[in-house]
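Scope of the values below: all heavy atoms of this structure, side chains included, with no hydrogens, waters or symmetry mates. Letters A, B, ... mirror the listed sequences (proteins, then strands); counts begin at 1.
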Amino acid sequence: MRKRLLIGTLVVPALAACSAVGAAPPSPTAPTSTGAAGGAITLVTHDSFALSKGILEDFTQQTGYTVNVVQPGDAGTLVNQLVLTKDAPVGDVTFGIDNTFASRALDEKVVVPPSPALTAAAVKDGAQYRVPSDTAGALTPIDVGDVCVNVDHAWFTAHKLTEPASLDDLVKPAYKGLFVTESATTSSPGFAFLLATIAAKGDGWQAYWKALKANGVKIDDGWENAWNVDYTAGGGNGQFPIVLSYSSSPVDTVPKGGTSPTTGALLDTCFRQVEYAGVIAGAKNPAGAAAFVNFLLSDEVQADIPGSMYMYPVSSSVKVPTDWAQWAPLATQPLSVPAADIAAHRSDWLQQWSDVALG
Amino acid sequence: MPLVFLAVFFAWPVVAMVGRGFVSSGRLDLGAFSEVFSRARTWRIVWLTLAQASLGTVVSGLLGVPGAYLLYRCRFAGRGFLRAFVTVPFVLPTVVVGVAFRSLLAPGGLLAFLHLDGTFTAIVAALVFFNYGLVVRTVGGLWERLDPRAEQAARALGASPWRALGTVTLPALAPAIAGAASLTFLFCATAFGTVLVLGGLRFGTVETEIWIQTTQFLDLRAAAVLSVVQLVVVVGALLVAGRARSRNERALSLAAPVSSAHAPSLFPRRPSRLPRPRAGGAGPDDLRGLDRVAAAATALAITFLALPLVGLVVRSLRTPDGWGLANYAALSRPAGALPVSVWDATVTSLRVALDATVLSLVVGGLVALVVSRRPRAGAVRRLVAGLDAAFMLPLGVSAVTVGFGFLLVMDRPFGLDVDLRTSPLLVPVAQAVVAVPLVVRTVLPVLRAIDPRQRQVAATLGASPARVVSTVDGPVALRAIGLAAGLAFAASLGEFGATSFLARPDRPTLPVLVYRLIGRPGVETYGMALAASVVLALVTALVVAGFERVPRAAGTVI
């Protein structure tokens, strides 16, 4: 017994001695600007959140707030974590709730309108992407992107086959066994594509998926698996020249020394994703949270978004990179499903989709 | 102290999370049970979970026991390398291994002709890939110390090598084999990434279903019911394994590892340092046959482990400009918009894993010490057995349940004014919770094999309890602790589920960084993710090999 107590008392110093956690906290940038409010805020975001080095430090310079970042998982995990911890929120501000989860966040009242009100010029640029039911403005649109079917131009040229162009083409016998997509239950682009088919086919979407299934569609669990293993242009020995990805994906297939990408996105198959930021209800530092939402709409962050998060800025005052403008335009008429419908039917749709597609 | 640790960092969060599913508007509501059990899918996933975990365990055991013999009982060139090598798969991020496996099996891959892509067999194969090293090390730890004289005596009395193996050696090893099997079963039953990447949702398990219900549907009632189902499965498996262990656990005659080693006839020209036991009754040909079977099984297993790993290395060398080391060169820069370089993440990983290893050795060592004693009173004995099982549970419960439970209870725990939920302290703690059962399972069979009379003699001669521990248990346990430390370190290095939930994004561990890289579009980032995985594999192999050496050196001093 005595021995155990003795060892017990030894643990703590031993831990501190060799510890990473005992080391200095990650150099919080010292607030230098005068008259700034100061203090720390905690950003709760999904695991794809990234900004170029130095940008969060600039925020600290400008406002005096230091930023802690918490990334619990994908967008779904993020929203559900916010809902679960509603009574004792983990952070002050959130980024990464998208239009497929927006209604759940709004219904559960986990976000509140920023106060003081936003001053960034890009607020009005983003207004077109607001959730219609969100009249108070609890969710602020930050960036947008399209989930689209992509095709490998090089493969179709080599096989002297006309490329598909629409959702209807994908069920034609000519494209049998050529399309790889992602599961709607485990992948957010996969779910976006399910919504695209629901938007395009209405009540006939299950029949469409039956036809896709009959035409040999391959369903992977996630994007990395589909792109890196199965897509012919993904760098592996893939056998599928048609893949579900993003409208920005072709930019990554410009060969070294080449001038144009070897793949393209089918702009008639795109589902529009919008990502929002919001102040978390019950935030300890609501003013700092509002300042951070403002900052996400600044030219500095907006211009960084394509390179670091592969999305398009909502702001009209920043230019997207030239290769994006040339090779990765957004769809002019994206498919969409109202956020309220998604919230109301998500479970049913996923259940029905699982029955039809995974069977 | 270990119990408090377990209660605070495991039981409390799980109970809070499951409770959340059963209590609706202040009343206990168990209606979810009948609802969930009336779905045909529920029964199918329970069946699939049991099937793949059992198959994975059996195959790992069948391949792993001969492997333990060859790598811990025989001496040959390259043994140290192979010992470290078999541990590598254990730490690799599941998503990376999943993609590497699929690259082999998918149409266009090297093994496409097997038509295994997306099949149940592929999932079981991947589970074996991850757990083979676990079996080898847990069983090898005891086998290495087993006194060869009992076997030699059996042989001298005319038993064939196979008979001696079946009647003397394997029964003596049963506690370690049962321990390894229960660990493997728990890891297989809660496998998540492997199942999803290789099988999609067709082969969903209780674990994947809990994840989907919690993070995608926020259906906490269904998740709570499934968590209970998972707990029942896990406790059932532990009971079976516990019974198998206790039936066979007894004092064994242990020897120093060196004296028991002999060179396998696989390399017949290499002279062994000790004379091969030449027993009457069975000729050397039979002995060679036994060695050959072990060597063949191990060669098969090593080839099987090597294939995806080689595929991984090859693809990490492929760059947009052809073959080269560009992916590795890129590791020293902060990757894309990621906050740190891979080298920084490696340092973070090592430091956190070191903390977790120390913590798990202390907690696990204490648990093993307590459990290794055989109290006379039946009630106390059952209590001790219960303690043993309790520390295995964390491996069998969904990381999602624990993770979300953490968020519910760690906000101002015990009324203290600290929000533990975002504290970096929790990362090594979470990793230690996973590593403790590994430590217990490795150290315990060795401690239990010590003849209690040895301790009694020491006590009679006037040694204090502490001195008994330090002079009787200590020297024997030291070598096992070296093995356990290697396993614990590997488990901590590779831990992803809880770590990704808790790690600070500005200080990601290596697996978390790999995961972030692999999810980003672009040929280059994928190449970097693979290169980083290769770094993780190398670091693991080095550290594990190091842990094997340290106690041996210390052992000679004692």
Side-chain angles (χ1 to χ4, degrees), chain A residues 2-4 7-8 11 14-15 18-21 26 42 47-48 50-53 68-74 76-77 80-81 83-85 88 90 104 183 185-186 219-225 227-230 235-239 245-246 248-249 252 255-256 307-310 347 354 358, chain B residues 1 95 98-99 102-103 106-109 196-197 200-202 212 214-219 315 318 320-321 334 336-339 348 351-352 354-355 358-359 362 366 404 407-408 411-412 421-422 424-425 427-428 465-466 469 500-501 504-507 515-516 518-523 526-527:
Chain A
R2 216 179 316 144
K3 175 93 183 163
R4 250 186 288 165
I7 296 181
V11 183
L15 266 182
C18 61
S19 174
V21 293
T42 300
D47 48 21
S48 307
L51 287 173
S52 293
K53 219 171 169 55
N68 293 318
V69 186
V70 181
Q71 296 172 287
D74 63 4
T77 310
N80 291 348
Q81 174 171 326
V83 172
L84 262 180
T85 55
V90 177
R104 184 179 290 170
S183 166
T185 48
T186 52
I219 301 171
D220 283 342
D221 69 307
W223 179 89
E224 11 344 283
N225 204 346
W227 183 273
N228 290 309
V229 178
D230 288 315
N237 299 317
Q239 305 286 307
S245 192
Y246 302 90
S248 58
S249 306
D252 283 311
K256 275 275 152 69
S308 53
M309 289 194 275
Y310 300 94
S347 298
S354 299
L358 304 175
Chain B
M1 185 196 78
V95 54
V99 170
R102 281 219 54 225
S103 300
L196 276 187
V197 175
L201 278 184
R202 271 194 316 139
I212 289 171
T214 308
T215 68
Q216 304 301 306
F217 293 156
L218 199 60
D219 185 347
R315 200 158 166 190
R318 186 148 72 186
D321 311 316
L338 292 174
T348 307
R351 299 176 84 162
V352 174
L354 191 63
D355 291 353
V358 172
L359 196 58
V362 171
L366 288 176
F404 271 74
L407 294 173
L408 288 181
D411 161 52
R412 295 170 200 280
R421 294 174 302 179
T422 51
L425 255 172
V427 180
V469 168
S500 68
F501 217 86
R504 302 172 66 116
D506 50 355
R507 288 187 153 202
Y515 178 78
R516 300 254 151 94
I518 208 171
R520 296 169 69 83
V523 178
Y526 183 65

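Remark: A:D230 engages B:R102 in a side-chain hydrogen bond (donor to acceptor under 3.5 Å, both in side chains) (not counting sequence neighbours). Here B:R315 pairs with nothing under the side-chain hydrogen bond (donor to acceptor under 3.5 Å, both in side chains) rule; sequence neighbours left out.
A:T186 is listed as a side-chain neighbour of B:I212, based on a closest heavy-atom distance under 4.5 Å.
A distance-only check finds a donor-acceptor pair linking the side chain of A:N80 to the backbone of B:T214 [under 3.5 Å].
Among A:N225, A:N228, A:N237, A:V229, the single residue meeting the side-chain contact (heavy atoms from CB on, under 4.5 Å) criterion with B:S103 is A:V229.
Among the candidates A:G222, A:S347, A:G76, the residue making the largest number of heavy-atom pairs closer than 4.5 Å to chain B is A:G76.
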